Amino acid sequence: MTTLELQQPPTSLDASDFNHTPFYCEENVYFLCKKLCSNGIADAQGSDLFVVVISNDNKQIPLWHQKSSNRADGVILWDYHVICIQRKKDGDSHLVWDLDSSLPFPCPLATYVSETVRPSFQLFSEFQRFFRVVHVPLFLHHFASDRRHMKDSEGNWTAQPPTYEPIVAEGTVLATIYQIWICAQLK
């Protein structure tokens, strides 16, 4: 693949080409990043990729153009959401890889922000979104998913889990999505 081809958004990829379990965005993004690295869309080590966790202390963040929404505008209130951003080789363009979005896949960052995050839309303070950015090489090495945040107080699943086993971290420092959000202690 030439440098020019790496700069252009891939045209042969579709969101359906990637693992996707509804409501398990952090695991979906983990596998998406691995696939982007292994198939040459991204750097083999993921140095051009960043995982972004979007949430707040209230665990209530509105995002638009989400496939899980029942509304015409696609807005949904997530407790958190995880996406992947790719810095293209030219350094001036960035792509968002969001398997839960109804926008183009991948989507230019400027379009994604204006249509999904909608920074010009006035929100009540309890819905303000915060962004935690983690470089993909760290994320792939340290991320683990025990899925306990997807169970209610009686131990029942709030959403059907993926059919594969939970992700086990490669590194000695393990980080669940909660730990990435609260602690951000990946090294």
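Remember, predicted model here, so these are calculated numbers, not experimental data. All heavy atoms count here, side chains included; hydrogens, waters and symmetry mates do not. Heads up: numbering here begins at 1 and tracks the sequence.
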| field | Selection residues 150-167 - residue pairs positive for side chain to side chain donor-acceptor pair (under 3.5 Å), sequence neighbours left out | value | Glu27-Tyr164
| request: Taking the side chain as every heavy atom from C-beta outward, state whether Val51 and Val133 have any atom pair closer than 4.5 Å. | output: no
| So, the side chain of Lys67 versus the backbone of Gly74: is there a donor-acceptor pair under 3.5 Å, distance only? | no
| field | Of Val134, Leu138, Leu140, the residue whose pairing with Val136 passes side chain to side chain contact (heavy atoms under 4.5 Å, CB included) | value | Leu140
| Between Phe139 and Leu49, is a side chain to side chain contact (heavy atoms under 4.5 Å, CB included) present by the stated rule, with each step listed? | CA-CA 10 Å; Phe139 181 76; Leu49 299 175; over 6 Å; no
| message | Ignoring hydrogens, what is the shortest heavy-atom contact between Asp14 and Phe18? Give both atom names and the distance. | response | O-CD1, 3.6 Å
| said: Is there a path of hydrophobic side-chain contacts, each under 4.5 Å between heavy atoms of I/L/V/M/F/W/Y residues, joining Ile54 to Leu123? | reply: no
| field | Test side chain to side chain contact (heavy atoms under 4.5 Å, CB included) applied to Leu95 and Ile85, step by step | value | CA-CA 6 Å; Leu95 296 174; Ile85 295 179; over 6 Å; no
| At their closest point, which heavy atom of Cys37 faces which heavy atom of Ala44, and how far apart are they? | CB-O, 3.4 Å
| query | Of all residues at least two apart in sequence or in a different chain, which pass the side chain to side chain contact (heavy atoms under 4.5 Å, CB included) check with Val75? | reply | Pro62, Trp64, Arg71, Asp73
| message | Less than 4.5 Å apart, side chain to side chain, heavy atoms only: is that true for Ile167 and Phe31? | response | yes
| field | Closest contact, heavy atoms only, Ala169 versus Ala144 | value | N-CB, 3.8 Å
| field | Heavy-atom closest pair, residues Pro161 and Arg147 | value | CB-NH1, 4.2 Å
| Who are the side chain to side chain contact (heavy atoms under 4.5 Å, CB included) partners of Ala159, not counting sequence neighbours? | Phe23, Tyr24, Met150
| query | Out of curiosity, Ser68 OG to Leu63 CG, how far, rounded to the nearest 0.5 Å? | reply | 11.5 Å
| Asp79 side chain to Ser55 backbone, donor-acceptor under 3.5 Å | no
| side-chain hydrogen bond (donor to acceptor under 3.5 Å, both in side chains) with Asp48: which residues, sequence neighbours excluded? | Gln86
| Which of parallel (below 30°), tilted (30 to 60°) and perpendicular (above 60°) describes Phe105 and Trp97? | perpendicular
| Within the side chain of Gln128, is there an N or O that forms a donor-acceptor pair under 3.5 Å with the backbone of Asn56? | no
| query | Looking at residues at least two apart in the chain, or sitting in another chain, which of them share a side chain to side chain contact (heavy atoms under 4.5 Å, CB included) with Asp98? | reply | Gln66, His81, Ile83, Val96, Asp100, Ser101, Tyr112
| request: Check the pair Leu99 / Leu32 against side chain to side chain contact (heavy atoms under 4.5 Å, CB included), numbers first and verdict last. | output: CA-CA 9 Å; Leu99 292 165; Leu32 177 139; 3.7 Å; yes
| said: Nearest 0.5 angstrom please: Ile76 CD1 to Trp78 CH2, how far? | reply: 4.0 Å
| request: Enter the distance from Cys25:SG to His20:NE2 here, rounded to the nearest 0.5 Å. | output: 8.5 Å
| said: List the residues meeting side-chain hydrogen bond (donor to acceptor under 3.5 Å, both in side chains) with Ser47, not counting sequence neighbours, and say none if there are none. | reply: Asp43
| request: Keeping to residues at least two apart or across chains, list the side chain to side chain donor-acceptor pair (under 3.5 Å) pairs with something in residues 114-124. | output: His65-Glu115
| Test applied, side chain to side chain donor-acceptor pair (under 3.5 Å); reference residue, Tyr80; option that passes from Arg129, Gln60, Glu26, Lys59 | Glu26
| Validation row: Leu77, Phe127 side chains within 4.5 angstrom (heavy atoms) | yes
| said: Is there a path of hydrophobic side-chain contacts, each under 4.5 Å between heavy atoms of I/L/V/M/F/W/Y residues, joining Leu109 to Phe131? | reply: yes
| note | Applying salt bridge (charged side-chain N to carboxylate O under 4.0 Å, His left out) to Lys34 and not counting sequence neighbours gives Glu170
